[in-house]
Structures are given as structure tokens and as C-alpha cells.
Number of protein chains: 2
Amino acid sequence: MQPTARRGRPRKQEADARILDAALELLLDCGYDRFSVDEVAAKAQVAKTTLYRRWPTKDHLIVAVVARIQDEVPVEYSGDVRADLTRYLNEIVNGLNRMRQVGRATASGDASAGLVAEVAAAAARHADVGAAVQAMFARRNALVLTLLEQAREHGELRSDVEPGVLFDQLAGALYYRLLVTGRPIDAAYVDRLVTGALTGASA
Amino acid sequence: MQPTARRGRPRKQEADARILDAALELLLDCGYDRFSVDEVAAKAQVAKTTLYRRWPTKDHLIVAVVARIQDEVPVEYSGDVRADLTRYLNEIVNGLNRMRQVGRATASGDASAGLVAEVAAAAARHADVGAAVQAMFARRNALVLTLLEQAREHGELRSDVEPGVLFDQLAGALYYRLLVTGRPIDAAYVDRLVTGALTGASA
DNA sequence: GCAATTACGCAACAGCAGTATCGAAAAGGC
DNA sequence: GCCTTTTCGATACTGCTGTTGCGTAATTGC
């Protein structure tokens, strides 16, 4: 962050917020499929040029909006990994369900799946968006990973457990179920998931 | 499948194959981002109308192409779940790596992630595509799920293991890593994954 | 004050997805 | 043979994404 007094006319800071606000509002109102850059610019009372200077593609804009509504989930090791993990995963699920209201109009099943898939596709299309998405998730999950390490050092987890792999299993199962199998995700499922990952499948 | 002699002019069967061939070729040559319906129609020497009568959107066409190159992986319970699972997951990884050649031109990292994400987004956008994708995966994974049940009955897995949840963990971790964290997936990772899921994380 | 630089709004543009319309062709029903 | 139905090819069109060019406004450096 260098507030380096740049050479030319400074950017209108107000515009950024107005655009993001308009974009979020449009996303909530109309859903992803009826979301058009032109309309965002119109709603924000900003020229399309101004918008595109900040976010070079629709994908960039969408990811910026999603990143903005991602709130941090406070996580602290309580001494009971099972409870902590269950709470955190349920928080993720709640976040997805909160997204679900986005674009009820899509009529094609699940809007949360739609947004997640759209973000994933955007990440795959543009390298810089991909980096931003990875950073977003890394930031979001950092606390949980350190929690897992604490639990391991505390003796609650096997010493050879790799937090990264374990978390891939848990979070991956949620998104896989959401995107691929399309079956519902509720607290009971989260419970079975955590139980399975902790106790293991071997007899 | 009713070869019901319909009333009007019959569809040119040849066109379907020509379109799918052209689409696959274009996908292999140019990647997803330079893939345009107009060009597919031109390459297949078919009017755009003819194409759109068969696949009503670009998403439908893409999923049809991907479904076409999905080959079945034979799976049979060998008495060693660990080995069987490892083999199958590596098969999935190989499939993803085979996709990786698709669209080298995209320059944005990983083309396999791109296609997977694009298919997921298409599934979320259109209910019927979603159903087709779910069916595709269900068909692909059915053998593994029965394998897991056999292993459970054989006493190799705990009796309370739910094959569906276990498989979500494994496959989900792969796709989560591919799409979200973007870190490489190799045989060593698959190994750690299977080990983790089977032995469990609890001390 | 003046030049250089950068942002702004406006308008026009190219490219692609998907739709609409039209005449012609190929089949069945009678 | 004739009518109906459906497909085909061709063309033009709408709407959206993303780009470009241009005149103008705001700020820095001198």
C-alpha cells in the first residue's frame, strides 16, 4: 500500500465502492445469469470504461464481490477437535446456504452451487483470479489449519496427520457434494463426515 | 429408445457425429476459451440451426463432448481395499492429466481444472445439464461404491462406514485440490489421502 | 502558468451466444 | 399425387462482453 501521489488524475475512490455495491445488489436481485456489466455500470452511475479499468473482466468483478462478502470465521482450539471441526464446517455450510438466496430466479436448482462453480471457473480462466481465489481460501482456512496442528501437538490427532490433507478431505467432500452429486448438505452429513475422517474407515 | 418412424424429415444422423468430432477437435486445438459454436458449426459443415436443435446451448454441447471422452474404468474388489482405492483414484488423476493437454493455449495454468470447473458451472446453470453430469459421475463411480460395500461386508472396513461419505472424502479432496488450492496432485498425494481416510486422524 | 500524465464519460465497434424467419428438402399419412 | 410434419441451410437480428478512440477533467512537476 503506497499512497504514492501518482502523476495523473487520481481515481475516484467513491466509484469503487459504488460499483461493488451495485454489483452485489444486482447479484442478490437477479442472480448470476441476469448479471450484466452494463447494468452494473448503469446502476453505479459510472461509465463502463471506469469499471473495466478496475476489474478487467466480468469474472474479476464477480470474484471481487464474492471476496467482499466473505466474512472471517473466528476459530480457536478448544481442546476438542471434533467439536471445533464440526462447528467450522457447519459455518461453511451456513455460508453456502446464505448464498442460496442469491438469484432465486435462476430456477436451475442451487444458486450457491452456481456461484461457487462460477468462481471456480473464473479462477481457472484467469491466472490472476486463480491466485486471488487461492489467497481468499488460504486466508479463510489458515486458522483451521493451525488449529489442526495444535490438536496434533496436543495429542488429539495422530502425529503423522497432515493438516492440509485432512482439511482437503473435509472441505473437498462438502464442495464435491454440492457441485457434483448435488445432494443436500446438512448438519447430520457434516457430523458423519467428521466422524468418518477422524475415526477412519479401516476396521 | 423408440425408433418410432416420426412424421417429418428425419434427422441427419451423420450430423451429430460430425458436430461432436468437430467440437472435440476444436477443444483439443484451441482450448475452451477459443471454443466458439459458430466455428464448430463451420468445421462440421453444418448450419448453426442444426447444431442448436441438438444441443440448445454451448454448455450442453461441451458436456456432451466431455461425456463422450469419459471412458469407464473397470473396478473389481481384490480383497485389498487400500490398493483398489489407490488404483482408482490414480486413474481419475490420470484422466485429469490427460485433459491437461486440452487447450494448452489458455496460458492460465491448468486446462484440466478449467474443463472441470466449466462443466461444474454448466451443471449449475442448467438443471438438465446438472442431471446429466450427476448421472455421468454416478455411472462412473457406481462400481467403486459397490466395491466399498463389498469391502465392508468382507470385514475390511468398519461396519458403520458409509461408502458414499467415504468416497466424497476421497474424490472431493482431489477436485478441491485441483480447483481451489491449485496444488499438484500426484501418486504420493493419493497415497497420503487414502492412508488418511482409512486410518483416520484421531490418535 | 504550463506540460505531462492519468482518469473520466461518451460513443462506436468487434466478436460470440442464441433467436427468428424464410424457402427448400425429405419423410409419413391418406 | 397431395398434404402435413419436421429438418435443413442461409441470413439477419438482439443482447452481452470487452475494446477503442476522443474530448475533457483533475492532479503532479516545474
In whole angstrom, what separates B/Glu118's CD from C/dA17's P?
12 Å

Over how many whole Å does the gap from A/Gln13 atom CD to C/dT6 atom C1' extend?
14 Å

With a cut-off of less than 4.0 Å, is there a side-chain N or O of A/Arg9 near OP1 or OP2 of D/dT28?
no

Of B/Gly8 and B/Pro56, the one whose closest DNA chain C nucleotide lies more 5'
B/Pro56

Can you tell me how far C1' of D/dC16 sits from OH of A/Tyr32, to the nearest Å?
12 Å

Look at the side chain of B/Arg152 and the backbone N and O of B/Val161, then say whether any donor-acceptor pair between them is shorter than 3.5 Å.
yes

Rounded to whole angstrom units, what separation is found between the CG atom of B/Asp38 and the P atom of D/dA10?
13 Å

Sub-4.5 Å side-chain heavy-atom contact between B/Thr181 and A/Phe137:
no

Would a distance-only check, ignoring hydrogens and angles, find a side-chain to backbone donor-acceptor pair under 3.5 Å from A/Asp186 to A/Tyr189?
yes

Establish whether the base of D/dT4 is bridged to the side chain of B/Arg7 by a donor-acceptor pair shorter than 3.5 Å.
yes

Looking for any heavy atom pair under 4.0 Å, which part of the strands does B/Lys48 touch: base, sugar-phosphate only, or nothing?
base

Look at the side chain of B/Lys12 and decide which nucleotide, out of D/dC8, D/dA26, C/dA26, has an atom nearest to it.
D/dC8

Closest-nucleotide mapping onto DNA chain C: is A/Arg54 or B/Thr49 further toward the 5' terminus? I mean the 5' end.
A/Arg54

Roughly, in whole Å, what's the span from OH in B/Tyr52 to P in D/dC8?
16 Å

Has B/Arg18 got a side-chain atom pairing as donor or acceptor with B/Gln45's backbone, closer than 3.5 angstrom?
yes

Could you state the CZ-P distance from A/Arg11 to C/dA7, rounded to the nearest angstrom?
5 Å

Distance in angstrom units between A/Lys58 NZ and C/dC16 C1', rounded:
13 Å

Euclidean distance, atom CG of residue A/Leu61 to atom C1' of D/dG18 [Å, nearest integer]
13 Å

C/dG9 phosphate, OP1 or OP2: any side-chain N/O from A/Thr50 under 4.0 angstrom?
yes

Side-chain heavy atoms of B/Val81 within contact of B/Val194, under 4.5 Å
no

